[in-house]
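Report on the structure given below.
Order of listing sets the numbers, starting from 1, for every ligand and every atom in it.
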Amino acid sequence: MDAETARFTIAEELERICASTGHSERVCAPKSEAGWLHALPQAAAILAVKGDALAVELTNGVFADTFPEGHDGFVCTQADSGLDWTARVEKFYASGRVSDSFEICREGRLGAEFLACTIGRLERDDQGPTRLLFTAIDRTNERVMEKNLRRELLSDSLTTLPNRTGFGEEIDDRLKLSPLTDGGSFAVLAIDLIRFSRVNESLGPLAGDELIITVAKRLKSSLRQGDVLARIGGNEFAVFARLNNGLSDALYIVQRINDALASPVRLTNLQISVDCAIGCALSSGVSDDADDVVRQSQAAVKIAKRSGKLEIYRPGVLKEAHRRFTLESRLREALANGKLHLAYQPLVHLQSGEVTGFEALARWDDEELGEVSPAEFIPVAEESGLIVPLGRWALYEATQTLAKWDRQQGQVLPLGISVNLSPIQMGRDDVPSVVEESLRYAGIAGHRLTIELTESAIIADPDKARQVLAALKSLDASIAMDDFGTGYSNLASLQSLPIDLLKIDRSFVSGMITDRDKNAIVRTILSLAESLNLHVTAEGIETQELALALQKLGCWQGQGYHFSRALPEADAFDYWRARWNFESV
Ligand code: C2E
Ligand code: CA
Ligand code: CA
């Protein structure tokens, strides 16, 4: 539209405004310009542009009250956010447009005030300056209502904390209100309550709610003024914190959070200890997108859940998280479709060279991902719960294989089978029943089965471990302590548990020839085992030299690449048959 021909008379312009604001009846007769303005219920003014400057030519009373000369403090919202309203009018003038509307706001004494403004060019016959009609109508109530509604959408009803969406907006608002200074940064900490679902399952959702509320209060009390706490998931909280001293500030907050959650929470008549994993992400520059940092902290907390310690986000973690996600869904499919298999690594009697049995190790050769190492997929299975079906499958498969070998040879072989048991499965599954069933299906005697577990399985829940081990012993199965030396078992607890075998971790064995400390550790474990009347298997024997050294030290059994890698079922059987009549190490 051509700006020159489309100018309005003030009467037309006012009528238009009045109609749009529901006050048409008040404009009943032509009046002077001043009369027109005063008839309006909203702030209105005629502005004139003289040279570069904007001058107020005529105003009504509401305008004079709302825009006291020089210090009204109104700035634009939305697209021109922060721009002074007079500058916005000048921008309109420069644009050559006929009319325009925009919103302005200011921090008033009673909170934010919002005005909806219109601006239009007025027609004139003489050659004087361009005149503009400006009106502003109060929109504060609508905006406050909208804001309250939004707040409801953006907050968690249980704790009244911001939810995931609200958290992102809150961070954006804070950073807009007082931007990061040069060298300043912020951190987002994601806090995951590790065993929360168990509380929900065993004590009911009401108890779960109570726990969440208590944790929210404790977290809140551990924070500094200006930090923002949010509940970003069912059992996940997050904290936004400005950092003045970089990472050390963040570590200090983590310390405070850990302290706040250290004492157990009392629920009805139970004391629940609150275990949490914390992941931290730091902003790297002023332009960082808050949402990205929140996502990074969530990726870090996923890792923290596995590692059991605070994790700081590193670039590449998101890729890792994606890989884990892919692994999890492919593994679920592989398990359902029987695409996993077991490999069998011989266990060799070090004095006689006899093969006494095999350790069953899970193998997964995926069509898309290729061969995936158990060191990668077992943790994924543990985190996702897939370890329960996986562990059951391994038990059934391993005992079936042993039964099959017996059948092939036409006799019960002098061989045992070792199966790994994850602490997660120990906690969640009815392990004794699964073991009993798999032995019964295969028709294998219990004493031919060894269950390998790590110290963490016992530390996680000692009472449960004690029960499970006792039940396994009553099935005649043997218990091996896997990766021995890497955990923190105190020896006393070992003594009171029905353990038959220690497996010295590879990390001590492979270095024992050259590293005196490792050598001493191996010797200590061997003499400890002797005094506790336990058998010992050395893992990771890669050379004959090691095999001989361990044999001399009186170590009972060995396992490692020097003897053989883990082999496919048929190869493992051939390996045993070829050595049946014993050979020397
Ligand atoms: P692990 O129980 O300590 O098993 C021994 C690991 O050491 C195996 O790795 C084996 O292949 C490897 N190994 C054996 N001898 C040597 C050697 O001389 N040198 C070296 N460098 N490595 C040797 P793998 O098969 O990759 O398994 C890794 C871990 O995954 C196992 O450690 C075990 O904790 C877990 N895992 C494997 N299969 C299962 C399963 O069916 N259930 C559960 N719960 N965990 C499993
Ligand atoms: Ca093992
Ligand atoms: Ca091991």
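- Counting heavy atoms closer than 4.0 Å to ligand 1, residue Gln345 contributes side-chain atoms (C-beta onward) but none from N, CA, C or O.
- With contacts defined as side-chain heavy-atom distances shorter than 4.5 Å, the pair Val265/Glu210 does not qualify.
- If you number the atoms of ligand 1 from 1 as listed, the ones under 4.0 Å from a heavy atom of Ala394 come out as 41 (O).
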TODO: Please report the C-alpha distance between Ser418 and Glu359 in whole Å, then the side-chain angles of each, then the deciding distance to 0.1 Å, and finally whether the side chain to side chain donor-acceptor pair (under 3.5 Å) criterion is met.
DONE: CA-CA 4 Å; Ser418 297; Glu359 177 176 359; over 6 Å; no

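- Glu201 has no carboxylate O lying under 4.0 Å from a charged side-chain N of Arg198, or vice versa, which leaves the two without a salt bridge.
- Cation-pi geometry between Arg579 and Tyr575 is met: under 6.0 angstrom from the ring centre, within 45 degrees of the axis.
- In the vicinity of Ser422, heavy-atom distances shorter than 4.0 Å reach the ligand 1 atoms 44 (N).
- In this structure, atom 41 (O) of ligand 1 is in close contact with the protein, since a protein heavy atom lies within 4.0 Å of it.
- Of the listed residues (Leu421, Leu453, Leu361, Ile424), the one carrying the non-hydrogen atom nearest atom 37 (C) of ligand 1 is Leu361.
- Using a 4.0 Å cut-off between a side-chain N of Lys or Arg and a carboxylate O of Asp or Glu, Glu383 and Arg306 qualify as a salt bridge.
- Atoms of ligand 1 found under 4.0 Å from any heavy atom of Glu539, numbered from 1 in the order shown, are 3 (O).
- Panel detail: the Ca ion (ligand 3) has protein N, O or S atoms under 3.0 Å away, 4 in number.
- In this structure, Arg164 fails the cation-pi test against Phe167, since its NZ or CZ atom is not both closer than 6.0 Å to the six-membered ring centre and inside 45 degrees of the ring normal.
- Closest approach of Ala457 to Ala465, counting heavy atoms only: O-CB, 4.0 Å.
- The proximity of Arg363 to ligand 1, defined as any non-hydrogen pair under 4.0 Å, is limited to the side chain.
- Those atoms of ligand 1 with a heavy atom of Asp483 less than 4.0 angstrom away are 3 (O).
- At a heavy-atom distance under 4.0 Å, no atom of His562 approaches ligand 1.
- The heavy atom nearest to atom 27 (O) of ligand 1, out of those in Ala362, Ala381, Pro374, Pro346, is found in Pro374.
- Aromatic ring centres of Tyr344 and Trp576 lie farther apart than the 6.0 Å criterion allows.
- Salt bridge status for Arg295 with Asp292: present, with a side-chain N to carboxylate O gap under 4.0 Å.
- Using a 4.0 Å cut-off between charged nitrogen and carboxylate oxygen, Asp406 and Arg448 count as a salt-bridge pair.
- Using cut-offs of 30° and 60° for the angle between ring planes, the Tyr441 and Tyr396 rings count as tilted.
- Between Phe508 and Glu539, every side-chain heavy-atom pair lies at or beyond the 4.5 Å cut-off.
- In summary, no N, O or S atom of Ser418 is located under 3.0 Å from the Ca ion (ligand 2).
- The atoms of ligand 1 that sit less than 4.0 Å from any heavy atom of Glu542 are 17 (C), 18 (O), 19 (N), 20 (C), 21 (N).
- In terms of protein heavy-atom proximity, atom 16 (C) of ligand 1 is closest to Tyr561 CE2, 3.3 Å.
- Within the 4.0 Å cut-off (strictly below), no protein heavy atom is located near atom 9 (O) of ligand 1.
- Side-chain contact between Leu267 and Val199 is present, with at least one heavy-atom pair separated by less than 4.5 Å.
- For atom 14 (C) of ligand 1, a protein heavy-atom neighbour is present inside the 4.0 Å cut-off.
- Of the heavy atoms in Arg506, only side-chain atoms (C-beta onward) come closer than 4.0 Å to ligand 1.
- The Ca ion (ligand 2) lies closest to atom OE2 when only the N/O/S atoms of Glu359 are considered.
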TODO: Using the side chain to side chain donor-acceptor pair (under 3.5 Å) rule, take Ser422 and Glu382 through it: C-alpha gap first, then chi angles, then the decisive distance, then the call.
DONE: CA-CA 8 Å; Ser422 154; Glu382 288 180 328; 2.7 Å; yes

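- Residues Leu421 and Leu395 form no side-chain contact, since every pair of their non-hydrogen atoms from C-beta on lies 4.5 Å or further apart.
- Under a 4.0 Å criterion applied to the non-hydrogen atoms of Gly540, ligand 1 contributes the atoms 16 (C), 17 (C), 18 (O).
- In this structure, Glu359 has a heavy atom closer than 4.0 Å to ligand 1.
- Across Asn420, Thr454, Thr543, heavy-atom proximity to atom 33 (C) of ligand 1 is greatest for Asn420.
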